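Per chain, numbering begins at 1; letters A, B, ... match sequence-line order. Any value given below was found using the heavy atoms of this structure, including those in side chains, with hydrogens, waters and symmetry copies removed. Nothing here was measured: the structure is a model prediction, and the numbers come from that model.
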Number of protein chains: 2
Amino acid sequence: MAQTDTVTRILDTAEVLFAERGFAETSLRTITSKARVNLAAVNYHFGSKKALIQAVFARYLDPFTVRFHHALDELEVRHDGGVIPLEELLETMARTVLEVPAEKHSLKVFMKLLGLAYSQAQGHLRRYIQDEYGSVFTRFVELVRRATPELPDAERFWRLHFVLGTVIFTLSGLDALRDIAEKDYQEHVSVRDLIRRLRPVVVAAMNAPLPPSAMPRAKAS
Amino acid sequence: MAQTDTVTRILDTAEVLFAERGFAETSLRTITSKARVNLAAVNYHFGSKKALIQAVFARYLDPFTVRFHHALDELEVRHDGGVIPLEELLETMARTVLEVPAEKHSLKVFMKLLGLAYSQAQGHLRRYIQDEYGSVFTRFVELVRRATPELPDAERFWRLHFVLGTVIFTLSGLDALRDIAEKDYQEHVSVRDLIRRLRPVVVAAMNAPLPPSAMPRAKAS
DNA sequence: TCCCGCTGGAAACGGATGTTTTAAACATTA
DNA sequence: TAATGTTTAAAACATCCGTTTCCAGCGGGA
């Protein structure tokens, strides 16, 4: 290893550039020149650009999943197998998301990447994340199910994705929004401020009254 | 004009391809060949690829803004200059969004495009939309302000973007989500179903209790 | 000492991209 | 008819892209 490992220098540079411009708009030449490594190094170490993209995500998601699993284990123990309140579940998730990048990466970058993973077509990425990290999400959803027994399954499914949209959308577009907010309201917002604002909104969204059932033909149950 | 105008044939093809794969991932050659139009036609009629992208958005946003302005005019008249309830404002916006593409374009495409406009870096697009259509949004925000006087300005700003995230995120990723939902819950969801589900959630989110003030120095409130 | 596997550097490969140009046909209108 | 705007065709342009190749250095093990 030189001063810092070539591999990590590539990853550090790539994640920032990807977050700023997207995947297709970031060339390997831009990455390698800004990282001061050889162009061939990416294909040598990762094999391809797609693999680089996945590696960037893995560096965030791998520690996230183990931490989140641990946090959920702890939560289940503390509640003795009983139902865990929704607020605690959301709180735990938020805390874990905050902890992981705090170690040495940027939360902003992490969120932008998540936003990109959803919006950019990049089929391979969605599949990779689904296959590699789907199980944590499944476990979380099951716990949320027990915490909100009054919600029909389909309704809970959609609401979870509603709030997922809120979080990813807001945090991934944070810079632009923050600029407007600071200009108009002379108020500096940190990511933690945002999460504090997010909490009551998310809880209220999950607990909103059910919509009028508009099934074409009502059927029993 | 031939069978259908070359310009509209380009726009029709481009908007679908852009929505499916994103801007950078869609080449002019793909567009023109699928539209059965000459490659040079795009640069002849629009000048550049950037201008094509903006034209695709303009075809949706131009009729949207005039309709939305009219709807807001009507709403203000009906309430005699008084305060318009939040529910009616949201309802009006939803109705307008639904009406515009219904004429001859796809709502799904429209929503995917909006999602792309936010997520894809494409600085020029965000600037174009902001400059060209910012005023309607400003007017809407001002009406929402009067409808929610108890909300601090900054809080309302963030909550509006929270729900904006929910809507755009959900509707732009609709296809993927719908596939999962139908598989897991044997339930077909139309866009209108989704909006029905969205309404109580959005209202609850806007009316959520204020977060604990975490200002560095607490001030009486 | 020789050899081998790993890393780095420079260059080139093959292909795709946005754009421009030149040319000829076609349609519409004055 | 003449002029004008539109469309097609084919080719070339200049870049930029991801990827591959070749070779020089380097390390430690035989």
Side-chain angles (χ1 to χ4, degrees), chain A residues 1-59 113 116-117 120-125 127-128, chain B residues 1-59 113 116-117 120-125 127-128:
Chain A
M1 77 198 70
Q3 36 187 12
T4 52
D5 201 288
T6 300
V7 172
T8 67
R9 210 154 71 243
I10 291 177
L11 287 173
D12 288 343
T13 312
E15 68 175 26
V16 173
L17 291 176
F18 284 154
E20 282 176 355
R21 333 181 184 184
F23 304 117
E25 295 84 353
T26 305
S27 70
L28 293 184
R29 283 171 174 80
T30 309
I31 297 173
T32 51
S33 75
K34 179 160 281 187
R36 285 175 301 111
V37 304
N38 192 268
L39 169 60
V42 168
N43 283 279
Y44 177 77
H45 286 288
F46 298 94
S48 69
K49 187 181 181 180
K50 286 186 181 182
L52 205 214
I53 296 177
Q54 298 179 355
V56 166
F57 276 86
R59 204 162 58 137
L113 289 177
L116 284 180
Q120 306 245 140
Q122 293 287 101
H124 75 98
L125 224 197
R127 247 175 290 120
Y128 171 77
Chain B
M1 77 198 68
Q3 38 187 10
T4 54
D5 203 290
T6 298
V7 172
T8 69
R9 210 154 70 242
I10 291 177
L11 287 173
D12 288 342
T13 312
E15 68 174 28
V16 173
L17 291 176
F18 285 154
E20 282 175 356
R21 335 183 183 182
F23 304 118
E25 295 84 352
T26 306
S27 70
L28 292 183
R29 285 172 173 78
T30 310
I31 296 174
T32 51
S33 76
K34 178 160 282 188
R36 286 176 300 108
V37 156
N38 192 268
L39 169 60
V42 169
N43 284 278
Y44 176 79
H45 286 288
F46 299 95
S48 69
K49 187 180 181 181
K50 286 186 182 182
L52 206 213
I53 296 176
Q54 298 179 354
V56 166
F57 276 85
R59 204 162 57 139
L113 289 177
L116 284 180
Q120 304 246 139
Q122 294 288 100
H124 75 96
L125 225 196
R127 246 175 291 120
Y128 172 77

Task: Base versus backbone protein contacts along nucleotides 8-20 of chain D [heavy-atom cut-off under 4.0 Å; B, S, -] - done: SB--B----BBBB

Task: Gap between atoms CZ and P, on B:Phe46 and D:dT6 respectively (whole Å) - done: 12 Å

Task: Nucleotide-level pairing of DNA chain C, given in dot-bracket where Watson-Crick and G-U pairs need both distances under 3.5 Å and | marks other strands - done: |||||||.|||||.||||||||.|||||||

Task: side-chain hydrogen bond (donor to acceptor under 3.5 Å, both in side chains) against B:Ser48, all qualifying residues, sequence neighbours excluded - done: none

- [ ] Give the minimum heavy-atom separation between B:Ala51 and B:Phe46, together with the two atoms involved.
- [x] CB-O, 3.1 Å

Task: Non-neighbouring partners of B:Leu39 that pass side-chain contact (heavy atoms from CB on, under 4.5 Å), sequence neighbours left out - done: B:Leu28, B:Arg29, B:Thr32

Task: Which residues share a side-chain hydrogen bond (donor to acceptor under 3.5 Å, both in side chains) with A:Thr30, sequence neighbours left out - done: A:Ser27

Task: Side-chain N,O (A:His45) to OP1/OP2 (C:dC6) below 4.0 Å - done: no

Task: Contact check, side chains of A:Asn43 and A:Leu52, non-hydrogen atoms, under 4.5 Å - done: no

Task: Closest approach of A:Leu116 to A:Ala19 (non-hydrogen atoms, all atoms of both residues) - done: CD1-CA, 4.2 Å

Task: Nearest-Å distance for atom pair CG/P, residues B:Asp5 and D:dG5 - done: 16 Å

- [ ] Only counting residues at least two apart or in another chain, list the ones meeting side-chain hydrogen bond (donor to acceptor under 3.5 Å, both in side chains) with A:Thr8.
- [x] none

TODO: Inspect the contact between A:Arg59 and A:Asp12 and indicate whether a charged nitrogen and a carboxylate oxygen are less than 4.0 angstrom apart.
DONE: yes

